[in-house]
There are 2 protein chains.
Amino acid sequence: MESIPERVFDKLAEKNIKPSFHRIKVLEYLMVNKNHPTVEQIYSSLKKLFPTLSKATIYNSLNLFVEKGLVQPITIEETEIRYDSTVESHGHFKCECCRKIYDFGIDIDSIPSSGLDNFIIYSKEIYYRGICRNCADVKSSQRS
Amino acid sequence: MESIPERVFDKLAEKNIKPSFHRIKVLEYLMVNKNHPTVEQIYSSLKKLFPTLSKATIYNSLNLFVEKGLVQPITIEETEIRYDSTVESHGHFKCECCRKIYDFGIDIDSIPSSGLDNFIIYSKEIYYRGICRNCADVKSSQRS
DNA sequence: GTTTGTATTTATAACCGTTATAAATTTATA
DNA sequence: TATAAATTTATAACGGTTATAAATACAAAC
């Protein structure tokens, strides 16, 4: 099993992205923090380690990663984009109560669809919204 | 078969939304124009008919409709929200070439998922991205 | 028909995530 | 070391959305 720093280098090399210091740190952050962080979250975390960091660098890096298919943007929020370094098939669930975004298992490619004959499909995203188990538990215990 | 004006009234009544003049016009617009319009598109169209219309009214009406489950917001675009008066199960495909958003048939509820035990699910959205048939045709004919 | 209170609409400022721009810095190449 | 190219920084600008307060429309009570 490769370590994360090793996998960061491999992923960047695989997509022909020059492994600059900041790009490495941004991708590493995404691979360690699987909680679908926003630009602001990535920026404020890395800023503590590297005080000269600019927010534009986060945007530059992420936009490059998305363009190259290394990272998936999650548009489940209306206000800001979240990012996920896992591009394999899975869904995202947003709890309307605690606002947390959960991954869940789903095999998107096994789902039959109609009306897309001769369409070329690059990516598929599945978003569910509702109340997560934790919040549902709290609510039901409050009720009793 | 009910006419659209009749269905507009029924839908509003069903959700206990007072049928003000502007709300009727906004919902009617969404039910006639099934092309997932943006706020700007709705506003500029209705503005021609009712010159005193304010854009805030469009936002107010749409936010109310979404809150009441009458209309579905589509967040497939990174920059702006689109709206769909069809809340029944279907997917949205965005062409990266012509930017058009297509509906397609898919039975979301038949798809097995894992990791959401005891989660309460309110809504499901499926977004595909790629190249639509029209744009794919143009590209392949250019190539030859 | 007034009067009074409430809901809706209008107009506009403010907010905030993102993009654009240009200067500064770093990195690569010769 | 000199030159060119790429990256990062700092900040202004952009644009979709929300917030605010005034104006208007609507409803109920008298």
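Note that this is a predicted model, so its numbers are computed, not measured. Just so we're on the same page: letters track the sequence lines, and every chain starts at 1.
- The side chain of B/T52 lies closest to C/dT10, out of D/dT9, C/dT10, C/dG17.
- Contact annotation for A/T57: base contact, defined as any heavy-atom pair under 4.0 Å involving a base atom.
- Counting only heavy atoms from C-beta on, B/S54 has its side chain closest to C/dT10 among D/dT9, C/dT19, C/dT10.
- Residues B/Y102 and A/F119 place their aromatic rings such that the two centres sit under 6.0 Å apart.
- Candidate nucleotides D/dT17, D/dT18, C/dT9 were compared by shortest atom distance to the side chain of B/I81, and D/dT17 ranks first.
- When all heavy atoms of A/H36 and A/D103 are compared, the pair lying nearest together is NE2-OD1, 2.9 Å.
- Where B/E78 and B/F21 each meet DNA chain C at their nearest nucleotide, the meeting point lying more 5' is that of B/F21.
- Checking D/dT17, D/dT8, C/dT10 against every side-chain atom of A/N60, the shortest atom distance belongs to D/dT8.
- Base pairing of C/dA30 is made with D/dT1, judged by Watson-Crick or G-U wobble geometry with both donor-acceptor distances under 3.5 Å.
- Each of C/dT18, D/dT8, D/dA19 was ranked by its minimum atom distance to the side chain of B/A56; first place goes to D/dA19.
- Nearest-nucleotide mapping onto DNA chain C: of B/R23 and A/T79, the residue sitting toward the 5' end is B/R23.
- Listed nucleotides: C/dT19, D/dT17, C/dT8. Nearest to the side chain of B/K18: C/dT8.
- Taking the side chain as every heavy atom from C-beta outward, A/H90 and A/D84 approach each other to under 4.5 Å.
- Using modelled atom types and a 3.5 Å distance limit, the side chains of B/S89 and B/K124 yield no donor-acceptor pair.
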